Amino acid sequence: KEKKIPPELPKKLPKECPALICDPVSGVKYRRGRLLGKGGFARCYEVIQTDTKRAYAGKVVNKLRISKPNQREKMQREIAVHCQLNHQNIVAFHHHFDDDENIYIILELCSQKSLAQILKLRRTFTEPEVRYFVLQIVDGLQYLHNNCIIHRDLKLGNMFLTDNMEVKIGDFGLATKVEFEGDRKKTMCGTPNYIAPEVLDKVGHSFEADVWAVGCILYTMLVGRPPFETESLKETYTRIKRTSYSLPSHLSQSAKELITEILTSKPEGRPSLEEITSHKFFTGGFVPDALSPSACYSTPEFGLMKVL
Ligand SMILES: CC[C@@H]1C(=O)N(C)c2cnc(-c3ccc[nH]3)nc2N1C1CCCC1
């Protein structure tokens, strides 16, 4: 029996998906708009549903790019987890389908992009803005944890912002479902940005790994850089295991306290999400109930709003 020769990978993968994307099953059509960027194996576009005229963010993955079984399983897991979610601080999952060439995931369009891009423009956020953003992130995360889902890759680049500055947690590529009480995950394929000590030590991790990431997000928003960033990944991992990071003196006392409580190496020593939102950092300071899109570019003057 002659050896099956794998199909020759075409020298060049077709760059673009069709200008008109059709779901062969439902018949729903989307017009491909501007390229939003690349995310993992996906090329992402703004897409317009032809019948409703509604705009979405479409992730298009060429099937030849995820030829290995574990890549395909990862994609399937991302879809399986994300498609069941429904919360105002979780990116809405609109539709998914595939044709001969591609897999298509149609998601909520977040036209202010992500908190990572905004922080780059702003360098740091004010404490009221951090309270405003982090309370929404914790709301969305509480929903995930209540549904036994660990996100495992919480970072500013996965915190998407709609045009009215609402935060939506996205990218469930590393997410996993906790199957039973005490289920501790031992492995993870992919390296999260804000990786917790217990994940590095492979001693089993669970929801507390997401809480660690919230602490890193809080620090990064206030300080303007991640707590354990160094020039080498190895050095960064050493610092994470030792929880060695600096707390700039300009931070408020309550901010320093909360960061210190969260960035503790023992998972069981970290506060719950409930304890985080009832910490003095949140209860003892002004929380705007809305934020102007101008905050994407310049520091807001809350003083006036408080008076108004
Ligand atoms: C579609 C992938 C990803 C994403 O998951 N969402 C929800 C998203 C929403 N709006 C946007 C968006 C609207 C306007 C600019 N970007 N982008 C999103 N992204 C970006 C695209 C490129 C890398 C990650």
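From a predicted model like this one, the values you see are computed outputs, not experimental measurements. Atoms within each ligand, like the ligands themselves, are counted from 1 in listed order.
Near V91, the atoms of ligand 1 lying under 4.0 angstrom from a non-hydrogen atom of the residue are 7 (C). When each atom of ligand 1 is checked for a heavy atom of A57 under 4.0 Å away, the hits are 1 (C), 8 (C), 9 (C), 10 (N). When each atom of ligand 1 is checked for a heavy atom of K113 under 4.0 Å away, the hits are 15 (C), 16 (N). Each of the atoms 7 (C), 9 (C) of ligand 1 lies under 4.0 Å from some heavy atom of E108. Ligand 1 places these atoms under 4.0 Å from at least one heavy atom of G37: 22 (C). Of all atoms in ligand 1, listed by their number and element, those nearer than 4.0 Å to a heavy atom of K38 are 23 (C). Near K59, the atoms of ligand 1 lying under 4.0 angstrom from a non-hydrogen atom of the residue are 1 (C), 2 (C). Ligand-side atoms of ligand 1 in range of L107: 5 (O), range being under 4.0 angstrom from any heavy atom.
Put simply, no part of D171 is less than 4.0 Å from ligand 1, judged by heavy atoms.
By the neighbour-count criterion of 12 heavy atoms within 6.0 Å, atom CZ of R31 is sparsely surrounded, having that number or fewer from other residues, nucleotides or ligands.
Annotation: side chain of L85 is not in contact with side chain of V91 (no heavy-atom distance under 4.5 Å).
When only non-hydrogen protein atoms are considered, atom 21 (C) of ligand 1 lies nearest to C44 CB, 3.6 Å. Atom 11 (C) of ligand 1 has its closest protein heavy atom at C110 O, 3.7 Å. Of the protein's non-hydrogen atoms, the one nearest atom 17 (N) of ligand 1 is L36 CD1, 4.1 Å. Considering only non-hydrogen protein atoms, atom 14 (C) of ligand 1 sits nearest to R34 NH2, 3.6 Å. Looking at atom 4 (C) of ligand 1, its nearest protein heavy atom turns out to be F160 CZ, 3.5 Å.
Residue contacts with ligand 1, taken as heavy atom pairs separated by less than 4.0 Å, do not involve H82 at all.
Side-chain polar atoms of R152 and H205 form a donor-acceptor pair below 3.5 angstrom. When only modelled atom types and interatomic distance are considered, Y45 and R43 share a side-chain donor-acceptor pair under 3.5 Å.
Under the 4.5 Å side-chain heavy-atom criterion for Ile, Leu, Val, Met, Phe, Trp and Tyr, I106 and L36 are members of distinct hydrophobic clusters. Under the 4.5 Å side-chain heavy-atom criterion for ILVMFWY residues, no single connected hydrophobic cluster contains both F160 and L141. Note: the hydrophobic cluster containing V130 also contains L161 (ILVMFWY, side chain heavy atoms under 4.5 Å, direct or indirect links).
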Verdict with reasoning, R270 to E198, per salt bridge (Lys or Arg N to Asp or Glu O under 4.0 Å): CA-CA 12 Å; R270 291 175 208 145; E198 65 272 20; 2.7 Å; yes

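Both tests pass for R131 against the ring of F281: distance under 6.0 Å to the centre and angle within 45° of the axis.
Rounded to the nearest 0.5 angstrom, R123 CZ and T299 OG1 are separated by 9.5 Å.
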